[in-house]
Structures are given as structure tokens and as C-alpha cells.
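One structure below.
Each chain gets a letter, A, B and so on, in the order the sequences are listed, and its residues count up from 1.
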There are 2 protein chains.
Amino acid sequence: MTTDRKPTGPRRPTLADVAAAVGVHTSLVSRVLRDDPRGFASAETRSRILEAAESLGYRANVAARGLRNARTTTLGLLLPGFTSPMYTALAKSVEEHAAARGYGLVLGTHAAGDPHETITNMLMQGRVDAMLVASGRIEDKALRRLAEWAPHRVVLLNRQVRAVKASVVLRDADAAALAVQRLADLGHRRIGGVFGPPSLDTMVRRRHGFREAMRSAGADALTVSLEGRDYAAGFSGAQRLLAAEANRPTAIFAATFPMGVGALAAAQAMGLAVPEQLSIIALHDDDLAGFLTPALTTVALPVKELGIQAVELALDMAAGGEPRRVVVPQSPHLIERASTAAVR
Amino acid sequence: MTTDRKPTGPRRPTLADVAAAVGVHTSLVSRVLRDDPRGFASAETRSRILEAAESLGYRANVAARGLRNARTTTLGLLLPGFTSPMYTALAKSVEEHAAARGYGLVLGTHAAGDPHETITNMLMQGRVDAMLVASGRIEDKALRRLAEWAPHRVVLLNRQVRAVKASVVLRDADAAALAVQRLADLGHRRIGGVFGPPSLDTMVRRRHGFREAMRSAGADALTVSLEGRDYAAGFSGAQRLLAAEANRPTAIFAATFPMGVGALAAAQAMGLAVPEQLSIIALHDDDLAGFLTPALTTVALPVKELGIQAVELALDMAAGGEPRRVVVPQSPHLIERASTAAVR
DNA sequence: CTGTTAGCGCATTCAA
DNA sequence: TTGAATGCGCTAACAG
């Protein structure tokens with residue numbers, strides 16, 4: 001009885017401990033504590049059980065419960081990393097909402113090794129009920145195999161792949177268009193676009209929105225695509241756009257927030273006054289924007305809602321629902337700060 | 001046999017499946033797959049087992065294994081959030097190193113609810129083997145109760161509390177001192193310090209290092225402590241220090257990276273040229289520093305090592321080791337950029 | 001070298 | 001309204 005196998009403190013109380021304390025069978029305790037429809041213990045017994053569980057600090061062991069139910073009440077989240085504030089905002093939202101629904105969240109990043117392997121492992125080891133995948137770099141082929149094997153256990157975040165039926169995406173194109181429209185309204189007619197790799201689904205959509213909006217605004221688009229989408233990429237992208245003095249754009253749209261920061265740095269390094277000589281606007285908002293000089297104008301995306309919807313979709317599928325494609329309904333909106341101004 | 005309980009794809013293969021495929025007992029499969037010392041199967045059998053496991057895509061179920069072994073091979077990480085690059089760097093390091101050791105990582109942030117409750121739940125539900133706690137806001141009392149109950153399962157990150165014997169800390173005081181020394185070397189004699197809440201252990205240590213270094217440099221310290229430690233806190237802290245034109249400091253030390261960014265913004269909002277009229281230096285380094293204008297001088301802390309040591313300590317204790325206090329040996333180092341200059 | 005047995009903690013039959 | 005029995009998948013102790 002008192003054989004603690006490890007020197008790591010007292011044993012966690014189990015159902016049996018609670019049952020023994022009350023003098024009933026474990027199955028009854030189990031039913032009462034879970035509010036099982038058929039747990040109609042007498043009011044007397046019921047309250048004694050609840051009391052004992054409370055005083056012993058009983059908590060159901062998730063491993064045992066998971067084994068029995070073939071469910072883990074845990075979700076997995078795969079991120080490229082925390083480099084972008086978009087990913088940190090997403091992680092926060094997912095963690096918060098998962099917790100609200102009683103689910104744990106296990107984290108996977110690219111830093112831990114091959115992301116496809118990470119997903120497979122988590123799924124096949126029964127570590128999680130479903131994986132939320134917010135990585136654009138996993139090959140379509142790998143995702144297809146995954147979706148074939150576990151169609152109800154993989155949700156793509158802000159990415160669409162034919163073979164994967166479950167996804168939640170933002171209105172990236174609309175967001176890019178919104179930025180362009182604002183710049184056009186300010187009188188800009190030569191606008192540069194700084195984008196990340198075209199292999200990323202988000203970039204395709206942002207670029208598409210950018211192009212369409214440019215067309216209907218009748219403005220000249222100068223676009224550049226970089227390998228990365230971080231500060232450095234934004235910096236060199238902007239540098240490239242601003243190099244030729246002849247046809248220099250009067251405004252720059254950056255497809256990610258860090259790229260916007262990098263673009264701002266590049267402009268200042270080149271001695272261009274922002275916003276007097278160059279307007280800059282970035283996709284996705286972050287607190288940092290307000291503390292740059294000049295403060296960066298952004299288009300805010302409903303990232304929090306993306307996380308919530310992704311969790312909901314995953315849980316729905318775990319409960320037997322069919323995979324589906326969700327477009328987050330909330331519209332992106334402009335947050336105008338000091339990096340944009342009317343063209344002179 | 002073929003009763004898939006759910007419409008979520010094929011059942012995961014179990015030990016029994018592998019055993020059946022080879023025609024041996026499950027226990028032998030288990031031993032072989034785990035390289036158990038007593039799994040000396042014949043070379044023949046051994047290879048057939050490995051082959052079958054491979055072709056079936058067998059992966060041991062962590063819930064079953066965890067239940068049996070009373071270990072989860074999972075660690076928990078509690079963070080205030082992702083607001084500071086220090087926390088994202090830490091999360092990345094911990095995740096990466098845990099994965100390298102075969103451990104999963106479950107995430108908890110303050111956003112999910114009462115942090116103390118989060119820790120307790122994860123521990124008592126058997127969700128994790130140990131919790132790495134990187135939150136300064138949990139009350140000492142709560143930590144003490146936790147440490148009493150599970151002394152071998154809680155590791156404090158960059159925080160010391162009497163009652164908690166397991167912790168890993170950085171040389172925060174040295175880092176602050178390093179910043180001051182550099183400023184002193186540049187000829188600064190009136191230096192302002194912008195700190196977060198004194199209730200945080202890190203702040204106590206950073207402030208201590210600051211004060212001591214100021215004393216030995218014979219410089220005048222003007223310090224201010226804020227409620228927060230984010231951009232906004234740095235902004236208002238710097239504003240306060242710079243308000244009085246009379247005794248204005250010629251340099252500012254910011255106790256966190258975001259505070260450094262905020263201080264820079266404040267200086268610029270007040271029309272002060274950095275570094276000509278004011279030098280700024282911040283604790284902790286981040287990519288962003290190089291893309292501010294001017295680029296921010298920082299003192300880099302070995303955060304990656306902090307994460308690694310924390311994981312190691314947790315695993316060591318899980319294996320029966322005693323709790324201990326670890327000081328990360330790597331020294332902080334200065335990364336000089338453009339926000340610091342000799343006083344005129 | 002390999003098989004048998006038992007049990008981790010829980011939820012779910014079925015029976016009373 | 002409550003109890004007894006069973007098994008989720010795995011590993012460890014003990015046989016053979």
C-alpha cells in the first residue's frame with residue numbers, strides 16, 4: 001500500500017482511494033465525478049464522493065482515461081517557430097482556447113526536427129487527438145499521405161492543400177487589397193510589394209490580392225519575392241525596390257509584419273524619410289508597430305479567431321464531424337499610424 | 001477484430017498486431033523494440049520483428065506506456081506569454097532540447113487561466129513528468145505548497161524561491177553590470193535605469209547588478225520601476241527619466257528588450273538624437289535589434305542554455321536525482337550596435 | 001531465447 | 001441506486 005515506487009513525493013490519489021474513503025465502488029465514483037447520466041447516486045452518497053475527491057485532491061489520470069477512451073484530450077500545434085508575431089499570436093490563441101475546452105496543447109516547432117516526422121510521431125504515438133499544422137514548408141505530398149492516413153486528425157492553418165479537407169484560412173487576399181486601396185486613396189500610383197517565397201500558400205493569396213487591387217486602382221506594381229519573410233528579407237526586398245532612383249515606388253506593401261519592419265529599416269538606412277518620401281504598410285499587426293519611429297501602419301488579421309476556429313474544427317472532427325474548409329469571417333482592418341501619408 | 005470504433009481511419013497498430021504478424025508473443029516484441037537488455041531474440045526473430053514493426057508503422061502508444069511506467073515522457077512549460085522575445089527564445093530552446101531527449105512539451109500560458117491552477121492540473125492529472133515554470137508572477141506561497149507536494153517535479157526558470165530547491169538562473173546581475181560598465185567606459189556619468197516591477201526576482205537581480213556597477217563606476221544612478229516590462233513600460237519609464245531637462249541622464253539602461261525598444265521610441269518622440277544626445281542599451285538580444293533605427297545595443301543572455309539546463313535538471317530529477325540550483329555558466333556578452341556612443 | 005501472468009487507472013458493459 | 005467484471009496497450013516479474 002505505502003510502497004511509493006519513487007522518491008518523488010506522495011502517490012497521486014486514484015479512483016480507488018476516493019472510493020475507499022467513501023466506502024463505495026470505484027465505478028460509482030467514476031460516474032459521479034463525470035456527471036455520467038447513469039450516475040444517479042443518492043444525494044447523500046453523491047456529496048460524500050464529491051467531498052472526498054475534493055479533500056484528497058483527486059484528478060483523473062489522463063493516461064489511464066486516454067487509454068480507456070482512445071482519446072487524449074490533447075491537441076498538437078506545429079509551428080515553424082516563433083520568429084513572427086503572427087505565430088506567437090496564434091500559439092497564444094490556440095493554447096487559450098484549447099484550455100477553455102479542457103484540452104492540453106503540445107507544441108512542435110521546426111527546430112525539433114523534420115516537421116512531417118513530428119506530426120506523424122505525435123499522431124501515431126497517440127500523443128494527441130489532432131494536429132493543427134501552421135507550417136507552410138511541409139511538402140504537399142507529405143500532407144497528402146498524412147491526410148489519407150488520418151483525414152480526421154489534421155487541420156491546416158492558413159493553408160490550403162487539395163488533398164487535405166480540413167483547413168481554416170484568413171482573408172489574406174482581402175487584407176492585401178485593403179492595404180493597396182488605402183495607399184491608392186492616398187494618391188500613390190507606384191507601389192512596391194515585398195513578398196516571401198511564392199511556394200507558400202499565404203504568399204500566393206496575398207500576392208493575388210495585391211495584384212488585383214493594384215489593377216483596379218490602375219497603379220503600377222513592382223513586386224519582389226524573397227526566400228525568407230523575416231526582418232532581413234524585408235530589408236533586402238525594400239533595398240532592391242528602392243535602388244533604382246528613376247522608377248522608385250512612393251509606397252511599399254510588406255507581406256508580413258517583420259518584413260514591414262525590415263523595409264522601414266532599409267528606407268531609413270537609405271536616407272529616405274518615412275512617410276514623407278515613402279509610405280510603408282505591413283500585413284498583420286503587433287504591439288511593436290506603435291513603438292517604431294515612425295509608427296508602422298498595418299492591416300490587422302483576425303489571428304485570434306483563426307486559432308479558435310482551428311481548435312473548434314479539430315474538436316468537431318474528433319467528435320465525428322466531417323472535415324471542412326473554414327474561412328474566418330472576420331474582416332481584416334486597417335490600423336493607420338505614422339508610416340503612411342498622402343503622396344506629395 | 002475489425003471493429004473500428006470511430007470513423008477516423010484505420011486503427012493504430014499495437015504490439016499485438018506486430019506479434020501476430022511475426023508469430024511471437026507481445027512481450028518479446030516489446031523487449032526487442034525497446035532494446036531491452038533481456039531482449040536477446042535470435043538474430044532471425046529480431047529482424048523479423050523489426051521488419052514487421054516497420055512495415056506496419058508501429059509506434060508505441062504513449063498513454064499505455066505512460067500508464068504502465070508512471071511516466072509520461074512529457075514536460076510542461078509555463079510562460080507568462082509570448083510578449084517578450086526572451087520567452088519565445090526560451091520556448092524554442094526547451095522544445096528543441098526536450099524533443100532531442102525524446103520528450104514532448106505541453107504549453108501553458110497565463111492566458112489559459114490561473115497559472116498556479118495550470119501547474120497543479122498538469123501535474124496532478126499526470127499530464128507531465130515535471131513542470132518548468134518561467135513565470136515570475138506566481139506567489140511564493142503557492143510555489144512553496146507546490147514544492148512541498150512535488151519537490152521533484154517543479155523547476156523554476158530564472159527565479160529563486162527559498163522553498164523551491166530546483167532552479168536554473170542566469171547571471172542577470174552580471175549582465176546589468178556589463179551594460180553599465182560599457183556606458184561608463186564611454187564616459188557616461190549620469191545613467192538612468194528602467195526596470196520592471198520589483199516583485200520579480202529577475203528585476204531584483206538586474207537592479208542589484210546595476211546599482212553595484214554604478215557605485216564602482218562612481219556614476220549617478222537614476223532609476224525608475226514600472227508595473228510592466230513591455231514596450232509601453234519602457235516608453236513611459238524613459239519619458240519620466242528624460243522629463244527633467246536639468247538632470248537628464250546621458251544614457252539609459254533598459255532591463256528588458258521590449259523596454260529598450262520603448263525607451264528608444266520615447267527618446268525619439270521627445271526629439272532626442274540617439275546616440276548623440278542619449279545612449280540606450282537593453283538587456284537580452286533579439287534579431288529585431290539590428291533593424292531598429294538606430295540599431296539597439298544589447299547585452300545577450302544565454303537563454304538557449306537556460307532552456308537546455310532546465311530540461312536536463314527536470315529529467316535528472318525524474319530519474320531520481322536530487323533537486324539543485326543551477327547557475328548557467330555562460331557569461332552574458334555585449335553586442336554593440338548604434339544606440340550607444342561616447343558622451344560628448 | 002521466449003512465453004505467461006499481472007496490473008498501471010479508468011470507464012463501461014452487465015448484473016443485482 | 002450500486003457493484004462486479006472486463007479490457008484499453010504496454011512492460012516487468014517470473015517461468016520455462
With a 4.0 Å cut-off on heavy atoms, is B:Ala63 in touch with a base, just the backbone sugar-phosphate, or nothing at all?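 Here B:Ala63 touches no strand at all.
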Does A:Thr26 have a side-chain nitrogen or oxygen under 4.0 Å from the phosphate oxygens OP1 or OP2 of C:dC10?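 Looking at the OP1 and OP2 atoms of C:dC10, neither is under 4.0 Å from any side-chain N or O of A:Thr26.
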Between C:dC10, D:dT11, D:dG9, which one does the side chain of B:Leu15 approach most closely?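 Output: D:dT11.
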Rounded off to whole Å, could you give me the [atom1]-to-[atom2] distance for the [X] and [N] pair?
X: A:Leu33; N: C:dA11; atom1: CG; atom2: P; result: 9 Å
X: A:Arg46; N: D:dT1; atom1: CZ; atom2: P; result: 12 Å
X: A:Leu28; N: D:dA5; atom1: CG; atom2: P; result: 16 Å
X: A:Leu56; N: C:dG9; atom1: CG; atom2: P; result: 14 Å
X: A:Leu67; N: D:dC8; atom1: CG; atom2: C1'; result: 4 Å
X: A:Asn61; N: C:dC8; atom1: CG; atom2: C1'; result: 9 Å
X: B:Arg71; N: D:dC10; atom1: CZ; atom2: C1'; result: 14 Å
X: B:Arg65; N: D:dC8; atom1: CZ; atom2: P; result: 18 Å

Kindly give the atom pairs (protein nitrogen or oxygen, nucleotide nitrogen or oxygen) under 3.5 Å for nucleotides 12-14 of chain D.
| unit_1 | atom_1 | unit_2 | atom_2 | d |
| --- | --- | --- | --- | --- |
| D:dA12 | OP2 | B:Arg34 | NH1 | 3.2 |
| D:dA12 | O4' | B:Arg68 | NH2 | 3.0 |

Spatial distance of atom OH (A:Tyr87) from atom OG1 (B:Thr88) [nearest 0.5 Å]: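 That separation rounds to 14.5 Å.
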How many angstroms lie between atom CD1 of A:Ile49 and atom CG of A:Leu28, to the nearest 0.5 angstrom?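 The CD1 atom of A:Ile49 sits 4.0 Å away from the CG atom of A:Leu28.
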Hey, is A:Asp17 close enough to A:Arg11 for a salt bridge, meaning N to O under 4.0 Å?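 Salt bridge between A:Asp17 and A:Arg11, a charged N being under 4.0 Å from a carboxylate O: yes.
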Residues A:Arg162 and A:Asp140 bridged, charged N to O under 4.0 Å: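 Answer for the salt bridge query: no.
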End axis versus end axis in the helix from C:dC1-D:dG16 to C:dA16-D:dT1, the angle rounded to 10°, five pairs used at each terminus: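 Inter-axis angle at the ends, rounded: 40°.
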What do you reckon, is [atom1] of [X] surrounded by more than 12 foreign heavy atoms closer than 6.0 Å?
X: A:Glu51; atom1: CD; value: no
X: B:Glu117; atom1: CD; value: yes
X: A:Arg101; atom1: CZ; value: no

Contacts of A:Val62 that satisfy side chain to side chain contact (heavy atoms under 4.5 Å, CB included) - sequence neighbours left out: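 Per chain and number, A:Val62 pairs via side chain to side chain contact (heavy atoms under 4.5 Å, CB included) with B:Gln125, B:Arg127.
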Are B:Val24 and B:Val29 side-chain neighbours, meaning at least one heavy-atom pair lies under 4.5 Å?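 They are in contact (side-chain heavy atoms under 4.5 Å apart), so the answer is yes.
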